[in-house]
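Side chains are part of it too, since the values below use all heavy atoms of this structure and drop only hydrogens, waters and symmetry mates. FYI, the numbering just counts along the sequence from 1.
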Amino acid sequence: MTPFKEQLLNIEVISEDGIKEIKEQLNIQYETLSSKEKASILAKTIHQIIDQSLPNFSKETKRSIRMELMNKKLSANSLSISANDIIESSIGLATREEIEQELPQWVYKKADTDIKVSEFNIASLLNSYSKSEITYPIASDEYEPISITSTNKRGMWQKYRSLFLGAAAIISITFVMIIFLERPVQEPGDYAKGQTAENKEAVANQRIHNNLPSYLQYEQVDDKDLREWLNGRKSILAEEPYYSSIINAASEFNIDPLLLFAITGQEQGFVSKEHVNAEKIANNPFNVFHSWEDFNTNISESSRIAARTIVNLSKDRPKEADPFQWINRKYAEDPNWWIGVSTIYKQLEEVAQ
């Protein structure tokens, strides 16, 4: 084994421990649907992590690689994926142009090596494969592969490879994920679409009952003052769809919106528009599922997950226990997290209530 390949094997994209952590968070955040539905959420999360970890390939190439990786790993009864796994699948499924242009850049970032060294290592790796092992797809909508040296039989396999792998992976995911999960959940959706005058009253009546103290339950805030305060800190959360998504999630789960905003302040400093990754961070300013980098979804979904987590973690709270500190037990690893959140919350109360 070459030192380069050994290095790639040691770079984990998804680990068994990471899957276990996601599973535990799902068990905390969702309580109402079947194991099959919970498995679907876990699969979606894993798909997102894989897609975000892949080189900058086309959407179709990423999909094919993801399906092959899932099928390969589920068949081996393991969900641990290394950088080497990604490169091996890329060589078989990406176009030659993608491999030559994107793969060295990806290796350069993952392996922390000089770009020229990365290009050399990729070239050496390609040369280690026989020509009959490599089939470069055409970079087109049809996505039909061209075999360099292949029989018609092999050509048919390559032509429909992604379809076969996709079907197999979907079937495998359904059953294997159910094994990983034990308790029912609720699948997140895009509910922060805004409310019409006609449905506002209905929404108020449908707010979820929770065990939060009355002062942390939903109460309308002064939008104008809160937005101005956020804008004063150059927060992207003052803009749409971020602001309304957080407000709507708070309403749905019967949580004071200021509590959700306070968490974004503690986790990401309200996401300054000047940050180079502001729009990505704003998709998950609560750092649900570990961080915005690991789970980069959309603001509607992350707001709902954060709100549901708060509701679930507030259960069985002793009357004498501080609600912020009680949530801190499982929401954050930092034991002083609750101090920051409660301080920010009190500051926001003075601004917007």
- Message: I need the Ile236 CD1 to Glu274 CD distance, nearest 0.5 Å.
- Response: 11.5 Å
- Note on the structure: On a heavy-atom basis, the closest approach of Asp51 and Lys62 is O-NZ, 3.4 Å
- Query: Do you see a donor-acceptor pair shorter than 3.5 Å between the side chains of Glu279 and Asn283?
  - Reply: no
- Message: Apply side chain to side chain donor-acceptor pair (under 3.5 Å) to residues Glu252 and Asn248 and explain how you reach the verdict.
- Response: CA-CA 6 Å; Glu252 180 184 352; Asn248 290 344; over 6 Å; no
- Do Arg304 and Phe253 meet the cation-pi criteria used here (NZ or CZ under 6.0 Å from the six-membered ring centre, within 45° of the axis)? no
- Task: May I ask you to decide if Asp225's main-chain N or O and Asp222's side chain share a donor-acceptor pair within less than 3.5 Å?
- Result: yes
- Taking everything shown except Asp316 itself, do over 12 heavy atoms lie less than 6.0 Å from its CG? no
- How close do Asn298 and Glu301 get, heavy atom to heavy atom, and via which atoms? OD1-N, 2.8 Å
- Task: Supply the atom-to-atom distance Leu258 CG to Glu219 CD, rounded to the nearest 0.5 angstrom.
- Result: 8.5 Å
- Query: Does any N or O in the side chain of Asp85 come within less than 3.5 Å of the main-chain N or O of Ile81, such that one atom is a donor and the other an acceptor?
  - Reply: no
- Give a yes or no on whether the backbone of Ile327 and the side-chain of Trp337 come within a donor-acceptor separation of less than 3.5 Å. no
- Ignoring hydrogens and angles, state whether a donor on the side chain of Glu240 or Ser244 is under 3.5 Å from an acceptor on the partner side chain. yes
- Message: Let me confirm one number: the CG-NZ distance from Asn211 to Lys319, rounded to the nearest 0.5 Å.
- Response: 11.5 Å
- Item | Lys234 backbone acceptor or donor facing Asn231 side chain under 3.5 Å | no
- Is there a donor-acceptor pair under 3.5 Å between the side chain of Ser342 and the backbone N or O of Trp338? yes
- Note: Lys273-Glu239 ion pair, threshold 4.0 Å (strictly below): yes
- Message: Show the nearest heavy-atom pair for residues Ile299 and Ser245, with the distance to one decimal.
- Response: CG2-OG, 3.5 Å
- Task: Would you confirm whether Arg317, through its side chain, and Ala321, through its main-chain N or O, come within 3.5 Å as a donor-acceptor pair?
- Result: yes
- Query: Taking Asn56 for the side chain and Glu102 for the main chain, is one N or O donor matched with an acceptor at less than 3.5 Å?
  - Reply: no
- Message: Tell me if the aromatic rings of Tyr243 and Phe261 count as close, with their centers under 6.0 Å from one another.
- Response: yes
- What distance separates Glu98 CD from Ser90 OG, expressed to the nearest 0.5 Å? 8.5 Å
- Item | Side-chain heavy-atom pair Phe286, Thr309 within 4.5 angstrom cut-off | no
- Distance-only donor-acceptor check, side chains Thr61 and Ser64, under 3.5 Å: no
- Only one of Ile305, Ile255, Asn210, Asp256 passes side chain to side chain contact (heavy atoms under 4.5 Å, CB included) with Ile310; say which it is. Ile255
- Task: Please confirm whether the backbone N or O of Ser272 pairs with a side-chain atom of Ser235, one donor and one acceptor, at under 3.5 Å?
- Result: no
- Query: Taking all non-hydrogen atoms of both residues, which atom of Val271 and which atom of Ala278 are closest, and how far apart?
  - Reply: CG1-O, 3.5 Å
- Message: Strictly distance-based, threshold 3.5 Å: is any side-chain N or O of Asn284 a donor or acceptor partner for the main-chain N or O of Val288?
- Response: yes
- Heavy-atom side-chain proximity of Leu259 to Val341 below 4.5 angstrom: yes
- Verdict with supporting geometry, Ile344 and Phe270, side-chain contact (heavy atoms from CB on, under 4.5 Å): CA-CA 11 Å; Ile344 296 171; Phe270 299 106; 3.6 Å; yes
- Query: Judged by modelled atom types alone, do Gln52 and Asn296 share a side-chain donor-acceptor pair under 3.5 Å?
  - Reply: no
- If you look at every heavy atom in Pro285 and Ser302, which pair is closest and at what distance? CD-OG, 4.0 Å
- Task: Could you check whether the rings of Phe324 and Tyr345 sit parallel, tilted or perpendicular, using 30° and 60° as the cut-offs?
- Result: tilted
- Task: Applying ring pair (Phe, Tyr, Trp, His ring centres under 6.0 Å), name anything that partners Tyr242, two or more places apart in sequence or on another chain.
- Result: none
- Trace of the side-chain contact (heavy atoms from CB on, under 4.5 Å) decision for Tyr331 with Ile263: CA-CA 10 Å; Tyr331 194 101; Ile263 292 175; 3.7 Å; yes
- So, for Asn287 and Glu267, which heavy atoms are closest and what is the spacing to 0.1 Å? ND2-OE1, 2.8 Å
- Report the C-alpha distance between Ile65 and Glu68 in whole Å, list the side-chain angles of each, state the deciding distance to 0.1 Å, and finish with yes or no for side-chain contact (heavy atoms from CB on, under 4.5 Å). CA-CA 5 Å; Ile65 292 173; Glu68 178 171 272; 5.8 Å; no
- Query: If you draw the axis of the six-membered ring of Trp326, does the NZ or CZ of Arg329 fall within 45° of it and under 6.0 Å from the ring centre?
  - Reply: yes
- Task: With rounding to the nearest 0.5 Å, note down the distance linking NE2 in His290 to CZ in Phe295.
- Result: 14.0 Å
- Does the distance from a Lys or Arg side-chain N to an Asp or Glu carboxylate O, for Glu228 and Lys224, drop under 4.0 Å? yes
- Note on the structure: dist Asn336:CG -> Gln266:CD (nearest 0.5 Å) comes out at 9.5 Å
- Query: Checking side-chain contact (heavy atoms from CB on, under 4.5 Å) for the pair Leu348/Trp229: CA distance, chi angles, key distance, verdict?
  - Reply: CA-CA 9 Å; Leu348 291 174; Trp229 190 88; 3.5 Å; yes
- Task: Could you tell me whether the side chain of Asp294 and the main chain of Ile49 form a donor-acceptor pair under 3.5 Å?
- Result: no
